[in-house]
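The sequence lines fix the lettering, A, B, ..., with proteins before strands; numbering per chain opens at 1.
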Amino acid sequence: MAERAHDPRPTKLAFDPDAAMAHLAAADPVLGALIARVGPYAPSTTAAPDVFHSLMRAIVYQQLSGKAAGTIHRRLLDALGGGDTPGAERIAAASDETLRGAGLSRNKMLSLQALAAAKLAGELPDESRIDDYDDAELIEGYAAIRGIGRWTVEMLLLFHLGRPDVMPIHDLGVRKGYAITYGREELPKPKQLERECEIWRPYRSVGSWYMWRATEL
DNA sequence: TCCGCTAAGTCTT
DNA sequence: AAGACTCAGCGGA
């Protein structure tokens with residue numbers, strides 16, 4: 001069997017998707033029509049076993065096409081040893097040459113090293129009790145790491161942790177999907193989106209996911 | 001074969 | 001605030 005880094009799997013949700021879809025359809029008929037057309041809320045995530053490796057992957061994939069990033073990610077895992085879960089120790093122990101040699105940019109190498117160092121220093125949110133942290137706490141905790149911004153943590157919350165009310169107002173896909181769905185000529189500005197999507201609470205993750213779907217219709 | 005794009009984040013101006 | 005710059009791969013010129 002070919003070794004796969006992190007095959008996609010359905011996101012394990014932290015809420016009831018049927019209740020969310022019903023709530024949104026009632027609160028926003030336009031979105032309701034989109035939901036009816038697309039079908040059930042079905043986000044998927046990579047099979048990264050935990051938050052740490054999910055963030056590792058996120059760093060590698062930033063700003064690259066999936067193919068290119070996949071190549072680097074695979075090479076990186078191979079170089080580190082430890083299969084698909086090298087862990088912070090192997091990253092911290094690896095030389096700069098090893099990391100760069102796998103195809104990481106200098107900035108991404110520094111980011112990955114920062115992530116590993118923070119993990120080993122116990123500076124990251126405790127994964128064994130991740131449910132005790134609210135979205136804002138996790139964004140604050142993880143975005144403090146070099147190379148991890150708000151957007152990356154939002155994707156983690158929505159796709160890896162299955163949180164219900166994440167609103168990625170800066171995401172280009174969400175903005176495009178919103179313009180398509182609501183017949184806007186121009187891309188909505190993040191602040192507009194923040195305001196106008198209030199009615200999706202407490203299920204803004206779900207609304208956002210349907211915006212991405214709208215770009216693929 | 002070369003070039004721009006990828007659309008995140010950091011760093012510099 | 002705005003722009004330069006980055007990893008590899010793809011697709012178009």
Side-chain angles (χ1 to χ4, degrees), chain A residues 2-8 43-46 48 51-80 84 86 90-92 94-119 123-125 135-136 138-161 163 166-181 184 186-194 197 205 208-216:
Chain A
E3 188 179 10
R4 306 221 188 246
H6 296 145
D7 282 334
S44 61
T45 184
T46 60
V51 170
F52 178 83
H53 292 94
S54 186
L55 288 173
M56 171 184 177
R57 187 182 189 281
I59 289 170
V60 173
Y61 273 71
Q62 278 170 0
Q63 211 264 323
L64 280 180
S65 66
K67 270 261 175 76
T71 298
I72 297 171
H73 190 231
R74 181 71 269 157
R75 276 208 303 254
L76 181 61
L77 291 174
D78 289 345
L80 290 170
D84 287 352
R90 285 176 185 271
I91 294 169
S95 68
D96 290 6
E97 290 72 21
T98 296
L99 299 175
R100 295 284 274 130
L104 288 178
S105 67
R106 179 180 152 75
N107 264 334
K108 286 184 181 177
M109 175 192 75
L110 294 172
S111 299
L112 198 54
Q113 289 171 331
L115 178 66
K119 174 77 175 180
E123 293 166 359
L124 296 180
D135 292 354
L138 291 177
I139 289 172
E140 187 186 354
Y142 287 121
I145 305 300
R146 178 197 174 106
I148 297 176
R150 161 171 291 266
W151 182 88
T152 297
V153 186
E154 286 173 343
M155 294 305 109
L156 177 88
L157 293 172
L158 201 158
F159 289 103
H160 186 85
L161 296 178
R163 296 283 175 107
V166 181
M167 187 67 228
I169 56 174
H170 297 281
D171 184 273
L172 188 58
V174 171
R175 295 171 64 201
K176 279 182 182 167
Y178 194 91
I180 292 168
T181 303
R184 303 293 174 82
E186 300 192 357
L187 278 186
K189 293 196 165 37
K191 283 194 173 168
Q192 271 180 282
L193 224 43
E194 171 94 72
C197 298
S205 300
S208 297
W209 184 80
Y210 282 101
M211 295 304 104
W212 284 308
R213 301 286 73 70
T215 67
E216 299 171 349

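- Contact between Ala214(A) and Ile180(A) at its shortest, heavy atoms only, is O-CD1, 3.9 Å.
- The shortest distance between side-chain heavy atoms of Ile59(A) and Leu104(A) does not fall below 4.5 Å.
- Counting non-hydrogen atoms under 4.0 angstrom, Arg175(A) reaches nothing in the nucleic acid.
- Arg146(A) contributes atom CZ, which lies 4.5 Å from atom CG of Leu110(A) (distance to the nearest 0.5 angstrom).
- Of the residues in residues 147-160 of chain A, those with a non-hydrogen atom less than 4.0 angstrom from any atom of DNA chain B are Gly147(A), Ile148(A), Gly149(A), Trp151(A), Thr152(A).
- Take the nearest nucleotide of DNA chain B for Leu172(A) and for Ser111(A): the residue whose nucleotide is more 5' is Leu172(A).
- Using a 4.0 Å heavy-atom criterion, one finds that Ser65(A) contacts the bases of the nucleic acid, with or without backbone contacts as well.
- Shortest non-hydrogen contact noted between Ala94(A) and Leu80(A) is CB-CD2, 3.7 Å.
- The residue Leu64(A) sits close to a base: some heavy atom pair falls under 4.0 Å.
- Using a 4.0 Å heavy-atom cutoff across all strands shown, Lys67(A) reaches sugar-phosphate atoms only and no base atom.
- The shortest heavy-atom contact between Thr98(A) and Ala79(A) is CG2-CB, 3.9 Å.
- Rounded to whole Å, the P atom of dA7(B) lies 14 Å from the corresponding atom of dG11(C).
- What you find for Ile91(A) and Ala116(A) is that their closest heavy atoms are CG2-CB, 3.7 Å.
- Ile148(A) has its side chain out of reach of Ser111(A): every pair of non-hydrogen atoms, C-beta onward, lies at least 4.5 Å apart.
- Taking the nucleotide of DNA chain C with the nearest heavy atom to each of Thr71(A) and Ser105(A), the more 5' of the two is matched to Ser105(A).
- Listed by first and then second residue, the salt bridge (charged side-chain N to carboxylate O under 4.0 Å, His left out) pairs involving residues 148-159 of chain A are Arg150(A)-Glu154(A) (not counting sequence neighbours).
- Across the protein-nucleic acid pair, His73(A) atom NE2 and dA8(C) atom P stand 16 Å apart, rounded to whole Å.
- The aromatic rings of Phe159(A) and Trp212(A) lie tilted to each other, with the angle between the two planes from 30° to 60°.
- Using a 4.0 Å cutoff to heavy atoms of chain A, the contacted part of DNA chain B runs 5' to 3' from dT6(B) to dC11(B).
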